[in-house]
Amino acid sequence: SPKRVEIVRHVRRRPNLSIAALARALGRDYKRVHSDVRVLQSAGLLEQGKSGLRAPYAGVEAQLSFSK
């Protein structure tokens, strides 16, 4: 979703934020950002360590395929 892409971009530019600080920076509700961060972590797009959130890569390439 566009909101999740925005999260990844923001974390890439400003690593080591907490989820609460990220929600404030994006002007979004904490619960929704927390939920989005968990989904992004499950997909391997974000990592969370002691110092906060990180997006440890320079880019992501995706391939979609649709079956009938």
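Treat the numbers as computed from the prediction; the structure is a model and nothing was measured.
- Separating the CZ atom in R54 from the CZ atom in R12 is a distance of 9.5 Å, to the nearest 0.5 Å.
- Note: I19 CD1 to R24 CZ = 12.0 Å, rounded to the nearest 0.5 Å.
- Using modelled atom types, one side-chain atom of S42 and one backbone atom of R38 make a donor-acceptor pair closer than 3.5 Å.
- Follow the hydrophobic side-chain contacts under 4.5 Å out from V11 and you reach Y30 in the same cluster.
- How far CG of D29 is from CG of D36: 10.5 Å, rounded to the nearest 0.5 Å.
- The shortest non-hydrogen separation linking L40 to R4 is CD1-O, 3.8 Å.
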Item to complete: Decide yes or no on side-chain contact (heavy atoms from CB on, under 4.5 Å) for R28 and I7, but give the supporting numbers first.
Response: CA-CA 10 Å; R28 293 187 54 206; I7 287 172; 3.5 Å; yes
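- At a threshold of 4.5 Å between side-chain heavy atoms, the hydrophobic network of Ile, Leu, Val, Met, Phe, Trp and Tyr places L53 and V5 in two separate groups.
- Here E6 contributes atom CD and L26 contributes atom CG; the two are 5.0 Å apart, rounded to the nearest 0.5 Å.
- A 6.0 Å sphere centred on CZ of R32 holds no more than 12 heavy atoms belonging to other residues, nucleotides or ligands.
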